[in-house]
Amino acid sequence: MTDTFTRVEYASTFLLEQTVLRPKIGLVLGSGLGAFADAMSEAVRVPYSQVPSFPQSTAIGHAGQMVIGKCGDIPVAAMQGRVHLYEGYSAEQVAFPVRVLGRMGIRALIVTNAAGGINTKYTQGALVVISDHINLQGQNPLVGGNDEHFGPRFPDMTQAYCKPYREMAMRAAQRLGKTLHEGVYAGLLGPSYETPAEIRYLRAIGADLVGMSTIAEVTAARHMGIRVLGISCVTNMAAGILNQPLNHQEVLDTAERVKGDFVALLRAVLGDMAKDVDADGVK
Ligand code: HPA
């Protein structure tokens with residue numbers, strides 16, 4: 001079988017052939033959060049099924065296409081939908097599209113997700129900048145032989161989520177007059193939601209948010225030296241916090257309700273990030 005690097009090169013060349021734009025910023029849009037990509041101009045939309053070697057998303061609320069276009073005057077590549085480990089994909093497969101974005105030339109990545117709120121300061125619909133993560137998925141996309149084309153064997157994760165980008169996001173929210181929290185994201189395998197005891201455990205180890213995505217993508221991005229901003233939408237309070245069961249429809253309904261604020265925040269922060277990427281600032 002062809003090695004990952006060759007397949008990544010093939011897919012990134014294919015995608016770049018679909019457009020004259022050369023995005024320096026990539027986005028991964030999570031469950032119900034794809035609206036940002038609908039408003040892009042000069043956009044080409046390529047279904048994942050057409051991109052060589054791309055995994056296909058099966059989750060409800062994930063459109064499954066790469067949208068390359070402009071947000072204002074900033075060229076961006078947005079993944080409308082992602083794949084998850086719980087769908088049966090390996091961490092390497094989950095990270096594959098981010099690898100492709102990296103080889104397409106992006107230097108910064110915004111990852112978004114729907115998450116359960118563990119921190120009781122959050123309420124349903126809150127937006128949270130991810131300050132750090134805890135990988136409880138039992139998997140890592142860098143397992144196996146290391147390909148130095150991508151990055152080093154033991155990448156540093158001290159600043160997995162770029163501090164200057166987090167500050168940019170906070171300032172953008174302030175400009176918009178919106179509350180933006182900061183918190184630690186715990187990534188679990190899923191697909192079952194957590195038990196209340198698991199949520200108490202996650203709180204005890206320092207998690208503010210819980211979800212089933214993001215970790216593999218961010219790990220691969222950092223491996224490639226791509227700077228990351230992560231934003232969670234608290235679609236529900238985590239299990240056992242409110243006296244009610246969790247369901248996926250609630251996740252989608254909340255994401256739908258906050259999508260205006262969410263898109264406004266992404267637009268506002270993108271401008272600052274683009275300046276940083278052009279200046280090739282902080283590592
Ligand atoms: N747990 C895990 N993943 C999630 C949740 C949750 O409560 N909400 C949205 N994604």
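Both ligands and their constituent atoms are indexed starting at 1 by order of listing.
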Review point. Sub-3.5 Å donor-acceptor pair from the side chain of Y48 to the main-chain atoms of V83, do we have one?
Key: no
Point to revise | Contacts of Q18 that satisfy side chain to side chain donor-acceptor pair (under 3.5 Å) - sequence neighbours left out | key: none
Check your understanding: Checking D253 side chain against R257 main chain: does a donor-acceptor pair fall under 3.5 Å?
Key -> no
Point to revise | Lys/Arg-Asp/Glu bridge criterion (N-O < 4.0 Å) met for D272, K275 | key: yes
Practice item. Please identify each residue that fulfils side-chain contact (heavy atoms from CB on, under 4.5 Å) with T6, with sequence neighbours left out. Key: T2, D3
Listing, residues 168-182 side-chain donor-acceptor contacts under 3.5 Å, not counting sequence neighbours, or none:
{"residue": "R175", "atom": "NH2", "partner": "A268", "partner atom": "O", "Å": "3.3"}
{"residue": "K178", "atom": "NZ", "partner": "D261", "partner atom": "OD1", "Å": "3.3"}
{"residue": "E182", "atom": "OE2", "partner": "R166", "partner atom": "NE", "Å": "2.9"}

Exercise for review: Anything with a heavy atom under 4.0 Å from ligand 1 counts, so go ahead and list those protein residues by chain and number.
Suggested key: A114, A115, G116, Y193, E194, V210, G211, M212, T235, N236, L246, V251
